[in-house]
Amino acid sequence: MIIDQNKINEAVSTIIGYGGDHILNCVQCGACSAVCPGVRAGFPLLCRNLIRYLLNGQLEEIIEDSSSWGCQACNRCTEICPQGVRPQEVVFAFRRYQANQLAFSTSSITSQMNLFETGHAVYTDPREARKKVGLPEETPTSAFDDAAKKEIQTLINNSPMGELGLF
Ligand code: SF4
Ligand code: SF4
């Protein structure tokens with residue numbers, strides 16, 4: 001592979017700009033990938049592999065990859081990394097970059113719709129289960145708070161996501 005220092009600089013500064021501050025500390029040991037449930041579930045570009053592509057300057061080449069949407073934000077990678085890279089932050093930085101370029105994975109559309117409609121990216125109606133165990137049916141969250149929902153929708157509508165015309 002031909003090394004293009006300009007592309008490397010651009011990729012690293014983009015990821016740092018979106019919050020992946022410690023990407024340059026990575027020594028590619030692979031500990032993060034070994035504990036990542038997303039990697040185990042078959043998303044190839046999380047943790048070490050994602051960082052390798054970015055450190056090689058291949059930011060644009062992987063913009064359409066859907067792996068970043070498979071991150072569960074469990075932070076197992078953050079706990080195990082010996083270099084303080086905080087790989088989850090690199091994954092989220094890459095995801096922010098993708099979102100700002102409107103490079104959404106189709107697998108993420110349902111979670112975007114849930115977020116807009118309820119304030120939760122992952123949402124199932126909790127009322128029946130809560131009723132069964134004697135809890136108030138409605139959760140004290142944005143899902144049942146119209147003012148909070150409206151604020152979330154205003155933020156989404158004024159972000160690059162709003163330009164997608166999904167909502
Ligand atoms: S554990 Fe840390 S140093 Fe090792 S590959 Fe992952 S991010 Fe890089
Ligand atoms: S936070 Fe994301 S990238 Fe890190 S181990 Fe969990 S699923 Fe994998």
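Whatever order the structure lists ligands and atoms in, that order sets their numbers, starting from 1. Here, residue 1 is the first one in the sequence, and each next residue gets the next number.
Residues Ser67 and Phe94 have side chains not in contact (no heavy-atom distance under 4.5 Å, counting atoms from C-beta outward).
Here is the list of ligand 1 atoms found below 4.0 Å of a heavy atom in Pro82: 1 (S). Per-residue contacts place Cys71 under 4.0 angstrom from the following atoms of ligand 2 (heavy atoms of the residue considered): 1 (S), 2 (Fe), 3 (S), 7 (S). When each atom of ligand 1 is checked for a heavy atom of Val27 under 4.0 Å away, the hits are 3 (S), 8 (Fe). Listed by number with element, the atoms of ligand 2 under 4.0 angstrom from any heavy atom of Ala73 are 1 (S), 2 (Fe). Proximity to Cys36 (heavy-atom distance under 4.0 Å) selects the following atoms of ligand 2: 3 (S), 5 (S), 7 (S), 8 (Fe). The contact set between ligand 2 and Asn75, taken as ligand atoms under 4.0 Å from a residue heavy atom, comprises 1 (S), 6 (Fe). Close approach to Gln88 involves these atoms of ligand 2, each under 4.0 Å from a residue heavy atom: 1 (S). Contact atoms of ligand 1 toward Val85: 2 (Fe), 7 (S) (distance under 4.0 Å to a heavy atom of the residue). Counting the atoms of ligand 1 from 1 in the order shown, those under 4.0 Å from a heavy atom of Gln83 are 3 (S).
Tyr53 and Val27 fall into different hydrophobic clusters, defined by Ile, Leu, Val, Met, Phe, Trp and Tyr side-chain heavy atoms under 4.5 Å apart, directly or through other members. One hydrophobic cluster, built from ILVMFWY side chains closer than 4.5 Å, holds both Leu24 and Tyr97.
With no hydrogens or angles considered, no side-chain donor-acceptor pair links Asn6 and Glu10 at under 3.5 Å.
The heavy-atom pair separating Ala73 from Phe92 by the smallest distance is CB-CZ, 4.0 Å. Shortest non-hydrogen contact noted between Ala147 and Asp145 is N-OD1, 3.0 Å. Scanning both residues, Asp21 and Ile16, for their nearest heavy atoms gives OD1-O, 3.5 Å. For the residue pair Phe116 and Gln153, the shortest heavy atom distance occurs at O-NE2, 2.8 Å.
Counting heavy atoms of neighbouring residues, nucleotides and ligands inside a 6.0 Å radius, atom CD of Glu60 does not exceed 12 of them. A 6.0 Å sphere centred on CZ of Arg95 holds more than 12 heavy atoms belonging to other residues, nucleotides or ligands. When the shell of 6.0 Å around CD of Glu79 is examined, it contains 12 or fewer heavy atoms from other residues, nucleotides or ligands.
Summarising the contacts of atom 1 (S) of ligand 1 with Ala34, Gly30, Cys32, the nearest heavy atom is found in Cys32. Taking only non-hydrogen atoms, the option from Cys81, Pro87, Cys26 nearest to atom 2 (Fe) of ligand 1 is Cys81.
Using 4.0 Å as the threshold, Ser33 has no heavy atom nearer than that to any atom of ligand 1. Proximity of Val35 to ligand 2 is not established, as no heavy-atom distance is less than 4.0 Å.
Of the heavy atoms in Gln28, only backbone atoms (N, CA, C, O) come closer than 4.0 Å to ligand 1. Contact annotation: for Ile51 versus ligand 1, heavy atoms closer than 4.0 Å belong to the side chain alone.
Closest to atom 6 (Fe) of ligand 2, if we only count protein heavy atoms, is Cys74 SG, 2.3 Å. Of the protein's heavy atoms, Cys29 SG, 2.3 Å lies nearest to atom 4 (Fe) of ligand 1. The protein atom (non-hydrogen) at minimum distance from atom 7 (S) of ligand 2 is Gln72 N, 3.2 Å.
The structure places CD of Gln28 at 8.0 Å from OG of Ser33, a figure rounded to the nearest 0.5 Å.
At a cut-off of 2.8 Å, Cys47 is not counted among the residues with an N, O or S atom near atom 4 (Fe) of ligand 1.
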